[in-house]
Amino acid sequence: MEGFPVNPAWVGWGIAVYVAASLWIALLSRSGKAQNLSDYFLAKRSLGGVVAALSYGATTYSAFMLIGLAGLTYQGGVGALGFELIYLSGMVLVAFFGPRFWLVGKKFGYVTPSEMLGDRYDSKAVAVTTAVAGCLFLIPYSAVQLAGVGYLLEGMTDGAVSFTAGAVLATVLSVVLAWIAGMRSVAWTDAFQSIVMIVTATAVVLVVIEALGGFGTFFDTLEREHPAWMAVPGNGFFSFATFFGLTLPWFFFSISNPQVSQRLFMPATLREMRRMLLIFMVFGLVYTLVAILWGFSALIRFPDLPSADLATPKLLSSELVPPVLGVVVMVGILAAAISTVDSILLTLSSLFARDIYGNLRRNPDWTRQLQVGKIVIPLIAVLAYVFARLKLNLIAVLAVSSSAGLLVMVPAIFGAFFWKRGTAAGVLASVIGGGLLVLWLEWTQTKLWGQASGVWGLSISTVLFVTVSLFTRKPEHKAEQFLGYLKKSLEEKGVM
Amino acid sequence: MRNKRILAVSLVMGLILSAYWTPYTWLSQVHAWTGSFLFWVMFVLAAILLNVWITSGWRDSR
């Protein structure tokens with residue numbers, strides 16, 4: 001039985017309610033004029049664990065989950081679960097890096113991860129380069145979200161809401177939510193959106209599985225009709241090389257992606273950070289399972305779709321999902337996309353204001369930097385929108401290559417905390433060399449020895465970081481100050 | 001503390017490696033949800049427990 005497009009009027013109402021609620025929460029979150037940059041960009045370094053966890057969840061999990069990941073499941077099977085859960089397990093990096101970022105952030109007043117790296121390696125060039133790399137790779141990532149919303153609304157209403165209308169809506173709302181109160185409005189609307197995301201997705205999956213005969217029948221059907229989807233390499237999609245290439249960049253996500261690593265500066269105390277970490281992991285496990293089960297449901301119901309990206313829109317507008325619930329889930333996906341984009345916009349604007357503008361101009365004061373940051377938010381959004389209009393296929397592939405690009409910062413970040421010998425030249429060589437390699441591999445769609453771009457990016461950047469550092473002079477004083485402080489504090493605070 | 005850290009890092013690395021190795025070897029011919037699907041869920045639960053342990057000593061100043 002063919003599905004029917006959802007009534008555009010209901011879609012309109014759903015969006016209207018969601019937009020109104022988000023704006024209201026954003027406005028409520030304001031707390032007077034920003035006194036300094038950490039007010040606006042870091043919510044005064046005073047986030048509680050629960051809001052921080054939910055905000056982390058909303059920022060991390062995007063339209064990719066219910067559209068891209070579901071599509072990957074549809075196409076390749078259980079390997080998609082492994083991929084996403086290996087990403088989640090990467091949060092163990094926060095158990096080590098979290099307190100380290102947090103302590104130096106507080107002590108030395110860092111607003112962005114690039115500022116931290118620039119200070120640690122005693123080099124403005126490091127701050128500028130890592131900030132530029134962040135912008136370069138996160139704008140495509142944002143574009144993917146905006147495109148995801150465009151496709152979703154277009155698919156669900158059979159074109160009544162166009163791709164353009166959807167993408168523009170997502171762009172404008174992301175800008176507004178970031179603009180209203182900086183990290184305050186982002187964190188609070190994130191918390192709201194993450195609850196919407198997880199509740200709506202869980203509800204619809206339970207409804208769909210029930211309609212497909214309950215969990216027992218569900219798994220029996222999968223095992224009987226699509227056995228290859230239950231193992232890896234399974235039907236061949238998730239070859240080991242593919243799996244490794246996909247998981248590697250995402251494993252380091254929590255430290256390589258500035259929109260989430262910046263959040264390590266924000267919790268009020270270590271206790272709140274611990275809460276953030278643990279609550280987020282539980283949230284992540286549930287949300288991941290839901291997205292995977294959703295993808296499998298689409299496989300059962302619509303086994304012969306021409307493209308995996310159609311899995312979600314098809315299933316959402318099918319007879320298995322009551323129309324009202326379908327609209328509600330659509331809003332949940334919208335929330336996932338927008339909460340990711342507004343966080344990225346805010347982080348990128350802080351990187352631009354603090355590390356690019358802040359370093360290239362002669363010491364502008366913080367009010368100027370804040371002004372520049374605010375102007376940059378809509379500018380970056382427009383850039384992302386333009387990229388989204390190029391309508392590149394397979395959402396999952398794009399998102400991954402952005403992550404592969406940021407992966408090249410990982411050696412520098414490890415070096416900052418664990419290797420006194422690291423130098424600014426080493427960082428620059430690793431980030432620029434590794435970054436260019438990833439860009440070239442992605443542009444030419446080359447897989448050297450069958451391995452994905454991220455594998456080579458990380459390998460080359462590690463080699464460059466270590467060798468160039470060994471041949472150049474280390475920032476003796478800064479390294480001593482930075483690492484010396486940490487050594488004492490980590491011991492005091494009971495951090496491993 | 002240093003020994004604890006070494007232990008923690010070793011456990012983490014072992015766990016992560018198993019998440020790559022096990023499904024692609026032992027479980028690659030198990031076409032049931034009790035294969036890789038269940039394995040990876042258990043793997044994340046183990047990771048969460050590891051995180052609980054690693055962060056258990058964190059303390060803020062008075």
Side-chain angles (χ1 to χ4, degrees), chain A residues 77-79 81-86 88-96 98-99 215 218-220 222-224 226-234 238-240 243-244 247 251 268-275 277-278 281-282 284-285 288-289 292-293 296 489-496, chain B:
Chain A
V78 76
L81 178 70
F83 158 51
E84 195 62 34
L85 290 185
I86 285 181
L88 186 58
S89 72
M91 289 301 286
V92 72
L93 290 169
V94 172
F96 295 101
F215 275 96
F218 179 81
F219 282 113
D220 280 340
L222 278 175
E223 289 165 13
R224 199 181 54 245
H226 308 278
W229 272 246
M230 300 307 288
V232 283
F238 282 109
S239 63
F240 190 80
F243 188 74
F244 187 59
T247 53
F251 181 77
T269 61
L270 280 184
R271 185 158 141 192
E272 298 303 329
M273 178 174 286
R274 184 174 193 239
R275 253 184 211 156
L277 171 60
L278 298 175
M281 286 197 79
V282 173
L285 177 56
T288 298
L289 279 172
I292 299 292
L293 291 174
F296 275 134
S489 303
L490 290 171
E491 189 75 49
E492 271 170 21
K493 304 274 187 192
V495 176
M496 282 197 197
Chain B
M1 189 55 89
R2 194 169 161 269
N3 290 329
K4 265 196 191 168
R5 183 162 65 224
I6 292 174
L7 175 62
V9 171
S10 310
L11 285 174
V12 165
M13 289 182 73
L15 187 64
I16 308 291
L17 284 172
S18 78
Y20 281 95
W21 193 71
T22 311
Y24 275 92
T25 53
W26 292 357
L27 298 175
S28 67
Q29 295 307 314
V30 178
H31 300 285
W33 74 274
T34 46
S36 299
F37 188 99
L38 184 61
F39 174 81
W40 273 319
V41 173
M42 303 270 91
F43 153 72
V44 161
L45 291 172
I48 293 176
L49 288 176
L50 250 185
N51 277 326
V52 168
W53 173 61
I54 293 173
T55 60
S56 59
W58 290 6
R59 53 185 177 264
D60 296 294
S61 328
R62 294 143 322 284

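Chain naming here is simple, since letters A, B, ... match the order of the sequence lines and numbering starts at 1 in each.
- Across A:Thr247, A:Leu88, A:Leu222, the residue that shares the most heavy-atom pairs under 4.5 angstrom with chain B is A:Thr247.
- One N or O on the side chain of B:Asp60 and one on the backbone of A:Arg271 form a donor-acceptor pair closer than 3.5 Å.
- With a 4.5 Å cut-off on side-chain heavy atoms, A:Lys493 and B:Trp58 do not count as touching.
- Around atom CZ of A:Arg224, more than 12 heavy atoms belonging to other residues, nucleotides or ligands sit under 6.0 Å away.
- Listed here is the closest heavy atom pair of A:Ala231 and B:Ser28: CB-O, 3.5 Å.
- Ring geometry for B:Tyr20 against A:Phe243 counts as perpendicular: the plane angle is over 60°, on a 0 to 90° scale with 30° as the lower cut.
- Side-chain N or O atoms of A:Arg274 include one that pairs as donor or acceptor with a backbone N or O of B:Val52 at under 3.5 Å.
- There is no contact between A:Thr288 and chain B, counting heavy-atom distances below 4.5 Å.
- Between A:Phe96 and B:Ile54, some side-chain heavy-atom pair lies under the 4.5 Å cut-off.
- Of the listed residues (A:Leu289, A:Leu270, A:Val232, A:Leu85), the greatest number of heavy-atom pairs within a distance under 4.5 Å of chain B belongs to A:Val232.
- Between A:Met281 atom CE and B:Asn51 atom CG the span is 5.0 Å, to the nearest 0.5 Å.
- No part of B:Phe39 comes within reach of chain A, as not one of its non-hydrogen atoms sits under 4.5 angstrom from that chain.
- Taking 4.5 Å as the limit, some side-chain heavy atom of B:Tyr24 sits within range of a side-chain heavy atom of A:Phe238.
- Of all heavy-atom pairs spanning B:Arg59 and A:Glu492, the tightest one is NE-O, 3.1 Å.
- Scanning both residues, A:Val78 and B:Ser36, for their nearest heavy atoms gives CG1-CB, 4.1 Å.
- Between chain A and the options B:Ile16, B:Leu45, B:Leu50, heavy-atom pairs under 4.5 Å are most frequent for B:Ile16.
- Considering only heavy atoms from C-beta on, B:Phe43 comes within 4.5 Å of A:Ile86 through its side chain.
- Atom CG in A:Asp220 sits 11.0 Å away from atom CH2 in B:Trp33 (nearest 0.5 Å).
- Nearest heavy atom pair, residue B:Ile48 against residue A:Leu278, reads O-CD2, 4.2 Å.
- In this structure, the portion of B:Val30 lying under 4.5 Å from any heavy atom of chain A is its backbone and not its side chain.
- Of the two parts of A:Ser239, only the backbone, made up of N, CA, C and O, holds a non-hydrogen atom closer than 4.5 Å to a non-hydrogen atom of chain B.
- For chain A, no part of B:Leu15 is nearby; none of its heavy atoms comes within less than 4.5 Å.
- Considering only heavy atoms from C-beta on, A:Leu81 comes within 4.5 Å of B:Phe37 through its side chain.
- Of the listed residues (B:Ser56, B:Ala32, B:Gly35), the greatest number of heavy-atom pairs within a distance under 4.5 Å of chain A belongs to B:Ala32.
- Residues A:Met230 and B:His31 share a closest heavy-atom pair of CB-C, 3.7 Å.
- For A:Phe244, the parts lying under 4.5 angstrom from a heavy atom of chain B are both the backbone and the side chain.
- Interface remark: A:Phe219 contributes side-chain atoms only to the contact with chain B (heavy atom separation under 4.5 Å).
- A:Val94 places none of its side-chain heavy atoms less than 4.5 Å from the side chain of B:Thr55.
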